[in-house]
Amino acid sequence: MKMIIRAFVRKHSHLLAIVSIFIFVAIVLTNCEKTESTNRNNNNNDNNPPDSAKVDLQLVADGFVSPIGVVASPDNTGRLFVIDQAGKIWIIDQTGNKLSTPFIDVTSTMIPLTPNYDERGLLGLAFHPQFATNHKFYIYYQLPPRTSNTNNLSRISEFQTSGSDANLADMGSEKILLELDDPQNNHNGGTLAFGPDGFLYISIGDGGSANDVADGHVDDWYAANAGGNGQDIEANLFGNILRIDVDNGSPYGIPGDNPFVNKDGLDEIYAYGFRNPFRMSFDMAGNHDLIAGDAGQGLFEEIDLVTKGGNYGWNVKEGRACFNAAANTTTLPSCPAVDNFNNPLIDPVVVVNNAGNPQGGRATTIIGGNVYRGTAIPEYEGKYIFGSFGQGGTLANAELFISTPAGQTDWGFEEIHLASHPEDVGYFLKGFGQDNNGEIFLTVSNNLGPSGTTGKVFKLIKTS
């Protein structure tokens, strides 16, 4: 038998060589396909550093309770204003010093907060585009309820700075623009931001509790899921991003091109279908895109590229999946692609698995950030920086992510590994901010809730 095999090999050696080549090529192609598949599947993990930049965090100020954002005043003073959820806004002057007296303090009128965890508080700050001359600014905060069947009163107010001290608010100048009777104690949204059009944008959560189905959540057009405020645009303003004109009307005006002017739907609504768009921002350059982070229920966290009149899916969808309000750790096999007005349900540009996802996840909740437009980290120019509050549980282990904007497509994302703390940020990440030069700041704390004084503001820097 062995002699027969040797004879066959000698006679057909050229054929065997060709076959061997084909087998080798097939193995290489198979391995390439496996590698490409693995790379695609790992696009959203931390095996791939985002770029050649080495970055770290530089401490700017500390001693805050629960800082949730940094806002630069649109003047030439170089001041940064830190929103502390506990009820105060603090100034960091152009020399980097935190002033000893808060710019504004609304703790005496605000609803008392739960120290171990709370989503209410002082949540938003925006300066009027002409702040340098009119000295107007706007805040969003929660007060005690004014009705027995609600949890709190959300208020958006206009203030002016003191005539005698530009570092102090005139507390007697408050002009109430908008109030909402919140049925539950969570999902308040909370970002205020002026767009390039000069109008004030306001992010509002769905009213709270879970699944968009509790008390205060109206019935909508989608019968498969009970609730909800996210899909309703006529009964209330919950689950929406609003756009108002603070320079006209009483107490405000409605921009004439808002999507539901002279149509079904409340005139203030700019976009809808949100669960809890806690942090959102405008790109300082490019198309000045509005980008919002929307907190998910238990499977998916998302980043949305927000457009006028857009429906972002909640509670028909969570992330890109069909949401199941009756069993929110599962998904429905199908759901509508359009709403009752025939508007498409717009998918997020980034999806991150929630830490509670049975398939595995890494985020307690998403924290929307900013598009980098600074000069200190040129490799990050035009990239979107965002993060997670934490990775689940009570550990202060937030992660920082980077993504490349690409219209209404899947942007993907990668983790930013800090030079001094490569595994995670080392804190709970509560917000972001940006100065007038486009540099990005992080607001963090060691504590889950608004308690203690472990809150810090860091600047994202390039390091060798």
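Small disclaimer: the values here were computed from a predicted structure and weren't measured.
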field: More than 12 heavy atoms from other groups under 6.0 Å of CG on D215
entry: no
Name every donor-acceptor pair, under 3.5 Å, that has one atom in a side chain of residues 228-235 and the other anywhere in the protein, sequence neighbours excluded.
residue, atom, partner, partner atom, Å
N229, OD1, V218, N, 3.2
N229, OD1, N236, ND2, 3.0
N229, ND2, D206, O, 2.9
N229, ND2, G216, O, 3.0
Q231, OE1, W221, NE1, 3.1
Q231, OE1, N311, ND2, 2.9
Q231, NE2, N311, OD1, 3.0
Q231, NE2, W314, O, 2.8
D232, OD2, E234, N, 3.2
D232, OD2, A235, N, 2.7

query: Among pairs that include at least one residue of residues 214-247, which meet disulfide (SG to SG under 2.5 Å), considering only residues two or more places apart or in two chains?
result: none
field: Between Q434 and Y372: side-chain donor-acceptor atoms closer than 3.5 Å
entry: no
message: Under a 3.5 Å distance rule, please check whether D56 uses its side chain to pair with a backbone N or O of S420 as donor and acceptor.
response: yes
- prompt: Can you list every pair that meets disulfide (SG to SG under 2.5 Å) and has a residue in residues 286-319, with sequence neighbours left out?
  reply: none
- prompt: Is there side-chain contact between I89 and D84, with at least one heavy-atom pair below 4.5 Å?
  reply: no
message: Treating E318 as the side-chain partner and G298 as the backbone partner, does any N or O pair qualify as donor plus acceptor under 3.5 Å?
response: yes
- prompt: Would K98 count as a cation-pi partner of F64, with NZ or CZ less than 6.0 Å from the six-membered ring centre and within 45° of the ring normal?
  reply: yes
- request: Give a yes or no on whether the backbone of Q184 and the side-chain of D182 come within a donor-acceptor separation of less than 3.5 Å.
  value: no
Only distances under 3.5 Å count here; give the side-chain donor-acceptor pairs of residues 386-398 to other protein atoms, sequence neighbours excluded, each with its distance to 0.1 Å.
residue, atom, partner, partner atom, Å
S388, OG, E399, N, 3.1
Q391, NE2, N397, O, 2.8
N397, OD1, Q391, N, 3.0

message: Under the rule for salt bridge (Lys or Arg N to Asp or Glu O under 4.0 Å), what residues qualify as partners of D424, not counting sequence neighbours?
response: none
- prompt: Should Y138 and F194 be marked as a ring pair (Phe, Tyr, Trp, His ring centres under 6.0 Å) after you check the CA-CA gap, both sets of side-chain angles, and the distance that decides it?
  reply: CA-CA 10 Å; Y138 303 82; F194 278 92; 5.5 Å; yes
- prompt: Which word best sums up how the rings of F341 and F260 line up, parallel for under 30°, tilted for 30 to 60°, or perpendicular for over 60°?
  reply: tilted
- line: Residue set satisfying salt bridge (Lys or Arg N to Asp or Glu O under 4.0 Å) with E174, at least two apart, ordered chain then number -> R155
query: Do N258 and R243 have side-chain atoms, one donor and one acceptor, less than 3.5 Å apart?
result: yes
- prompt: Tell me, do V70 and F81 make a side-chain contact under 4.5 Å, heavy atoms counted?
  reply: no
- prompt: Quick check: are there more than 12 heavy atoms from other residues, nucleotides or ligands sitting under 6.0 Å from CG of N149?
  reply: yes
Close side-chain approach of D304 and P348, heavy atoms under 4.5 Å: yes
- prompt: Between D118 and R120, is there a donor-acceptor pair closer than 3.5 Å when you use the side chain of the first and the backbone of the second?
  reply: yes
task: Answer yes or no: is there a donor N or O on one side and an acceptor on the other, between the side chain of Q297 and the main chain of N328, under 3.5 Å?
output: no
message: Ignoring hydrogens and geometry beyond distance, is a side-chain donor-acceptor pair present between Y222 and N315 at under 3.5 Å?
response: no
message: Taking L242's backbone N and O only, do any of them form a donor-acceptor pair with N240's side chain (distance below 3.5 Å, no angle check)?
response: no
query: Is there a donor-acceptor contact under 3.5 Å linking the side chains of Y312 and E302?
result: no
- prompt: Any side-chain heavy-atom pair from R279 and F432 closer than 4.5 angstrom?
  reply: no
task: Test V106 against I139 for side chain to side chain contact (heavy atoms under 4.5 Å, CB included), laying out the working first.
output: CA-CA 10 Å; V106 293; I139 66 170; 4.0 Å; yes
query: Which pairs, with at least one residue in residues 276-355 and sequence neighbours excluded, count as a disulfide (SG to SG under 2.5 Å)?
result: C322-C335
- prompt: Distance-only, no hydrogens or angles: does the S403 side chain make a donor-acceptor pair with backbone N or O of G412 under 3.5 Å?
  reply: yes
query: Do we see a donor-acceptor contact under 3.5 Å between the side chains of S66 and Q85?
result: yes
message: A side-chain contact here means heavy atoms from C-beta on lying under 4.5 Å apart; do P144 and L153 qualify?
response: no
- request: Tell me yes or no: between the side chains of N447 and S445, is some donor less than 3.5 Å from an acceptor?
  value: no
task: Taking ring pair (Phe, Tyr, Trp, His ring centres under 6.0 Å) as the test, write out the residues that go with H135, two or more places apart.
output: none
query: For the residue pair F103 and F127, does the interplanar ring angle fall in the parallel (under 30°), tilted (30 to 60°) or perpendicular (over 60°) class?
result: tilted
query: ring pair (Phe, Tyr, Trp, His ring centres under 6.0 Å) with Y427: which residues, sequence neighbours excluded?
result: F458
message: What I'd like to find out is whether the side chain of Q142 reaches to under 4.5 Å of the side chain of N188, using heavy atoms alone.
response: yes
task: Just jot down the side chain to side chain contact (heavy atoms under 4.5 Å, CB included) partners of A295, sequence neighbours excluded, or say none.
output: R275, N276, E301, T365
Any side-chain donor near an acceptor of the partner, K383 and T404, under 3.5 Å: yes
message: Tell me whether D245 contacts the main-chain N or O of I254 through its side chain, where contact means a donor paired with an acceptor under 3.5 Å.
response: no
Any residue meeting ring pair (Phe, Tyr, Trp, His ring centres under 6.0 Å) with F300, in chain and number order, not counting sequence neighbours: none
- prompt: Can a donor-acceptor pair be found between the side chains of E119 and Y117 at a distance below 3.5 Å?
  reply: yes
Which atom pairs, donor and acceptor, lie under 3.5 Å between side-chain atoms of residues 281-293 and protein residues at least two apart or in another chain?
residue, atom, partner, partner atom, Å
S281, OG, G369, O, 2.7
D283, OD1, A285, N, 3.1
D283, OD1, R373, NE, 2.9
D283, OD2, R373, NH2, 2.8
H288, ND1, D283, O, 3.1
H288, ND1, M284, O, 3.3

